[in-house]
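Quick note on labels: first sequence line is chain A, next is B, and so on, each numbered from 1. The structure displayed is predicted, hence computed values, not measured ones.
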2 protein chains.
Amino acid sequence: MGSPGDVLTLISAGSATTRSDLARLTGLARSTVSQRVDALIDCGLVEETTGGESTGGRPPRQLRLRTEDHTIAAVDLGATHCRVALTDLGGTTVATAEDQLQIAEGPQAVLTHVKKRVDELLGERTLTAIGIGVPGPVEFAAGRPNNPPIMPGWNDYPVPAFFPDVPVLVDNDVNLMALGEHRHAFPGTRHLLFVKVGTGIGCGIVAEGRLHRGAQGSAGDIGHIRVSGHEEAGCRCGNSACLEAVAGGAALARALGVESGAEVVALVQQGDVQALRAVREAGRLIGEVLAGLVNFFNPEVVVVGGLLSRVHDHLLAGIRETVYRRSLPLATQHLTIVPSRAGVDAAAWGAGILAREHYLSPDNINRLVSACEDV
Amino acid sequence: MGSPGDVLTLISAGSATTRSDLARLTGLARSTVSQRVDALIDCGLVEETTGGESTGGRPPRQLRLRTEDHTIAAVDLGATHCRVALTDLGGTTVATAEDQLQIAEGPQAVLTHVKKRVDELLGERTLTAIGIGVPGPVEFAAGRPNNPPIMPGWNDYPVPAFFPDVPVLVDNDVNLMALGEHRHAFPGTRHLLFVKVGTGIGCGIVAEGRLHRGAQGSAGDIGHIRVSGHEEAGCRCGNSACLEAVAGGAALARALGVESGAEVVALVQQGDVQALRAVREAGRLIGEVLAGLVNFFNPEVVVVGGLLSRVHDHLLAGIRETVYRRSLPLATQHLTIVPSRAGVDAAAWGAGILAREHYLSPDNINRLVSACEDV
DNA sequence: GGACTTTCGCCGATCGTCGAACAAAGTGGC
DNA sequence: GCCACTTTGTTCGACGATCGGCGAAAGTCC
């Protein structure tokens, strides 16, 4: 407690804007706080401005994180798209790009494309860290996809090695969506689930405010949990009655005789009764699985996102109906089930947060400050 | 890092038995380590003995936790029983007692009984902390049962207030079983599930080596998750097709026409084919639910305990069969499913561990050491 | 028995933090 | 507009904790 990193955390979170705030929050002496702040200013991490409001005495100098010198690249790789966003250290987006890109083209081709896009967007800015979301399980510590089903050629590929000069954080896209939603909409919440209903169905888990990735980085893979009464539905995983095979966007599209989940959404928006009924029923099936997970995990909040959440009125109705019927009263008592606020940018938000929190973590800041003092 | 509490943690865990070990592990100077050790000795927490093995020079003095001055009470309250065990700070059991006791008699009667038993067993020993397991959800921080279904009169009762002179840690019994199994059999494991198959069915969750209790302390309540194809089975919770209603000990007993889960176990041990088949089928149903939870949580180890695990050959066969069929290969790749090693003492073990870890936590030790120095 | 190794206490040097004193920069009353 | 008061920020000496070197203790090994 009280290291330069901790001080910066308070400043960047907005919990403290003056030296007095810091002294109060950390319990350190004013002189010590000043020394810490000076070190952070010398490293170019913090900036001082005059013009604070006086509270009856000398007005305090305002402290703020120097967000503009560092740029974070947030990359969201889907099965068929690539979104790149640049943000500053404060989380403000400064540039974005979006392309169609088949992840199945393999890591070399895809990452070359990503690097090119990032460099174009960067211009004169300096890159500080990269966060990348991919549609499959990842061994997080190493940044290697772990047997991803829809990413041929990516298994065990060391993504960070492709960007040798900056820290690279790679994670599953659904995890990142959960992280983004947690930090933006429910920052104080301890336990949260994010359910992504797109072509497939996945779930991101936030426990004690941190991502739970599981032993193999495959936690949250709820698409192949069995649902009652749909033994006829075969799934690409080889089993039958999987949630994804009956309630995923692809399954709905097939049932309604259209091409994609997007067209299902379009049908619902046009008021197609059959599509509407199908989405609501999908919500019920997802709710059945979710009811079990709510009993098991006991979260405070469940966020529903992904393509199909664009018609969340009907999807959520089905989910809520089943969860509140099948989960135990104690677990649902204070449970909130809400649609995602981030929409299509959820994964990119999360990727940016992951990279930003890595760079701004107390340990990393302490390293930077010591390195800077040694010069 | 390096506080007296951290030093004691290394000693009590057995990671360090000499001052040299401590210097190496903490990175502190030898002189500083000696100072820390002296403080711990002055407080009576650590003891020095000669007779260490030389490694070519002066033989080191051995350090060990003084386990004998402090006594931990571990209490396991079930629906109809009360087990009390006293252990020293090292976890060695020094006395036990077991009674029939109806938890439904309410907190006053039950806790009076517990206090009496603890005092009897204690004799001249001094009590340091109490851990108590109860068969229902608990708001852990406050030690209050939270809407427990089979503990009438206990709702919101502040258990710690009944023992005003010592720290009291109260938790759900299944959580404690999970904790006990984790610390004893799988200490290095990050993510573990403990499934208790008794009259009902519950689950304890260890994530990142720590208990996950959920928002209302009801996490792990998997007994009322729906299983396929048993719509006819009504459950006491008001729904139907709950796991507990088809695979719990009570359900099996009813199906086999006997009184209790214990009799079901007896039938299996006698080789009754019908009972054997029923247990195996119960295993399959539990496995179906567990398969989903394995996908969701991605643990490294699943431990199966509780009454019915006494016939774990047949139960585990059913569980393994279904989990390995219905879970994703990535999640089962390195998954171990094993029977509990603790048996009937699992909850008491966990209660003791909870209390011991509380007392030996770095923060608490630091407090004790400062208090002792001030004298 | 002597050279070497490892352990351990002692003690001066060093580093980090604290808090008092002082300077700076405002507010508000008269 | 001046002066008392408040809050902010810096400087500096004091204090405490840690470090690391030195020497003594207690062994091993040749």
Would you indicate, yes or no, if dG9(C) has its OP1 or OP2 atom less than 4.0 angstrom from a side-chain nitrogen or oxygen of S34(B)?
yes

From C-beta outward on R36(B), which listed nucleotide comes closest to its side chain: dA25(C), dT6(C), dT18(D)?
dT18(D)

Below 4.0 Å: OP1/OP2 of dC8(C) and any side-chain N or O of R61(B):
yes

Could you walk me through whether T49(B) and R64(B) pass side chain to side chain donor-acceptor pair (under 3.5 Å), step by step?
CA-CA 8 Å; T49(B) 57; R64(B) 60 174 282 278; over 6 Å; no

Between the main-chain N or O of T189(A) and the side-chain N or O of H182(A), is there a donor-acceptor pair closer than 3.5 Å?
yes

Between Q62(B) and G56(B), which is nearer to the 5' end of DNA chain C once each is assigned its nearest nucleotide?
G56(B)

Using a strict heavy-atom distance below 4.0 Å, which residues from residues 20-31 of chain B are in contact with DNA chain C?
S20(B), R30(B), S31(B)

Side-chain N or O of Q35(A) versus OP1/OP2 of dT17(C): is the shortest distance under 4.0 Å?
yes

Check for a donor-acceptor pair, side chain of N366(A) on one end and backbone N or O of G5(A) on the other, with a separation under 3.5 Å.
yes

Can you find a side chain N or O atom of R19(B) that sits less than 4.0 Å from OP1 or OP2 on dG9(C)?
yes

Here the side chain to side chain donor-acceptor pair (under 3.5 Å) pairs for residues 348-360 of chain B, sequence neighbours left out, are H70(B)-Y359(B), R183(B)-E357(B)

Report the distance from atom CZ of R58(A) to atom C1' of dT8(D), rounded to the nearest whole Å.
5 Å

Would you say the side-chain atoms of E300(B) pair up with the backbone N or O of L192(B), donor to acceptor, closer than 3.5 Å?
no

Taking atom C1' of dG9(D) as reference, at what distance in whole Å does atom CG of L63(A) sit?
11 Å

Whole-Å distance between dA25(D) C1' and E48(B) CD?
14 Å

Kindly indicate, with the supporting measurements, whether the criterion side chain to side chain contact (heavy atoms under 4.5 Å, CB included) is fulfilled by T26(A) and D6(A).
CA-CA 8 Å; T26(A) 61; D6(A) 296 326; 5.8 Å; no

